[in-house]
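To start, the structure itself, in structure tokens.
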Amino acid sequence: MSGESGVDVPVVWPDADMAWLRVRKMQTKLHRWAVADHSFRFDDVFNFVCDPATLVMAFERVAGNTGARTAGVDGVRAADVEVSGVHAHLNHIRSSLRAGAFRPLPVRERMIPKTGGKLRRLGIPTVTDRVVQAALKLVLEPIFEADFRPCSYGFRPNLVSITRYRYRGNSIPTPWPDALTGPTQTA
């Protein structure tokens with residue numbers, strides 16, 4: 001694979017533990033920058049998404065999800081990727097992202113029952129698309145998390161409904177170790 005320097009450099013794929021550490025450091029750094037300067041321009045987000053540690057962590061999340069047993073329109077499940085080779089699959093994803101050739105496939109749709117006898121659509125993306133989505137989430141989440149107020153609970157990691165965690169000054173849990181919390185420190 002050709003890098004930006006024009007030299008073929010082999011990709012070193014970290015194990016899951018090392019990937020978690022590297023991604024966590026990257027997330028903490030991104031969050032710190034976002035908190036320090038709300039007008040900060042994040043120019044290197046694409047490289048963070050394509051980083052091998054981010055892709056390994058993204059696949060770990062996809063494979064650990066209960067939806068991993070379900071295939072998208074391509075018929076591939078996470079277990080199939082593990083059998084055929086995770087690093088080869090991630091290398092393909094990374095190459096197509098870096099080349100600008102990645103295009104998500106259509107979503108497989110299933111109708112699932114709701115209470116009351118009605119049905120609702122459930123979209124099932126391919127494993128590849130789920131890995132890319134998870135990688136984007138790993139990178140973008142700490143940036144946007146910095147803009148939330150400590151009393152905001154919707155769709156935030158490790159924060160559930162207000163009935164479970166009550167906002168009490170600095171006692172609110174936060175997923176980022178250096179997050180600003182408390183009523184006097186909100187934006």
Side-chain angles (χ1 to χ4, degrees), residues 11-68 70 72 78 86 89-90 93-94 96-98 100 102-104 107 122-187:
V11 178
V12 178
W13 295 98
D15 64 0
D17 293 333
M18 185 57 69
W20 185 87
L21 286 171
R22 283 179 42 192
V23 168
R24 190 65 178 161
K25 285 180 184 177
M26 175 265 304
Q27 288 178 322
T28 302
K29 184 188 322 181
L30 289 171
H31 186 264
R32 199 173 289 141
W33 291 343
V35 167
D37 182 4
H38 289 283
S39 63
F40 186 82
R41 185 176 169 94
F42 292 89
D43 294 325
D44 207 23
V45 169
F46 180 74
N47 287 330
F48 283 128
V49 171
C50 294
D51 185 80
T54 305
L55 292 173
V56 167
M57 196 66 231
F59 181 78
E60 289 292 320
R61 288 190 173 191
V62 169
N65 191 324
T66 56
T70 308
V86 174
H89 187 75
L90 295 179
I93 293 172
R94 185 173 190 267
S96 65
L97 283 171
R98 291 179 64 88
F102 175 78
R103 299 291 180 266
V107 174
L122 174 67
I124 306 166
T126 64
V127 171
T128 301
D129 294 346
R130 285 181 251 177
V131 169
V132 173
Q133 290 171 7
L136 286 166
K137 182 180 182 283
L138 285 169
V139 174
L140 295 176
E141 188 174 62
I143 295 170
F144 289 103
E145 177 72 24
D147 292 334
F148 283 110
R149 298 178 70 189
C151 58
S152 300
Y153 289 89
F155 303 105
R156 292 175 72 191
N158 302 324
L159 299 178
V160 294
S161 71
I162 200 158
T163 59
R164 174 116 183 253
Y165 290 110
R166 302 258 189 244
Y167 175 63
R168 293 186 190 124
N170 290 324
S171 65
I172 185 170
T174 178
W176 314 111
D178 60 343
L180 296 176
T181 57
T184 58
Q185 297 170 329
T186 58

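The residues of the chain are indexed from 1 along the displayed sequence.
Rounding to the nearest 0.5 Å gives a distance of 10.5 Å between CG of Asn65 and CZ of Arg61. For the atom pair OG1 (Thr54) and CD (Gln27), the distance works out to 8.0 Å, reported to the nearest 0.5 Å. Remark: Phe42 CZ to Leu30 CG distance equals 6.0 Å, nearest 0.5 Å. Summarising the geometry, atom NZ belonging to Lys137 is positioned 10.5 Å from atom CE belonging to Met57; distances are rounded to the nearest 0.5 Å.
Residues forming a salt bridge (charged side-chain N to carboxylate O under 4.0 Å, His left out) with Asp51 (at least two apart in sequence, or on another chain): Arg22.
Counting all heavy atoms, side chain and backbone alike, Ala53 lies closest to Val23 at O-CG2, 3.5 Å. Across all their heavy atoms, His38 and Ala146 have their closest contact at CE1-O, 4.0 Å. Contact detail for Leu97 and Phe46: the closest heavy-atom pair is O-CZ, 3.2 Å.
Although no hydrogens or angles enter the test, the distance criterion places a donor-acceptor pair under 3.5 Å between the side chain of Arg94 and the main chain of Cys50. Not one N or O on the side chain of Glu145 forms a donor-acceptor pair closer than 3.5 Å with the backbone of His31. Here the side chain of Arg130 pairs a donor or acceptor atom with the backbone of Gly67 at under 3.5 angstrom. In this structure, Thr126 contributes its side chain and Gly72 its backbone to no donor-acceptor pair below 3.5 Å.
Between Leu138 and Gln133 the shortest side-chain heavy-atom distance does not fall below 4.5 Å. Taking 4.5 Å as the limit, some side-chain heavy atom of Leu140 sits within range of a side-chain heavy atom of Phe144. Considering only heavy atoms from C-beta on, Phe59 stays 4.5 Å or farther from Ile93 through its side chain. Under the 4.5 Å side-chain criterion, counting only non-hydrogen atoms from C-beta, Pro14 is in contact with Pro52.
The local environment of CZ in Phe40 is crowded, with over 12 non-hydrogen atoms from other residues, nucleotides or ligands closer than 6.0 Å. Heavy-atom contacts from other residues, nucleotides or ligands closer than 6.0 Å to CE of Met18 number 12 or fewer.
Put simply, the residue from Asp15, Leu90, Val131, Val86 that forms a side chain to side chain contact (heavy atoms under 4.5 Å, CB included) with Val56 is Leu90.
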Under the criterion side-chain contact (heavy atoms from CB on, under 4.5 Å), I'd like the reasoning laid out for Asp129 against Phe102: C-alpha separation, chi angles, the key distance, then a yes or no. CA-CA 9 Å; Asp129 294 346; Phe102 175 78; 3.3 Å; yes
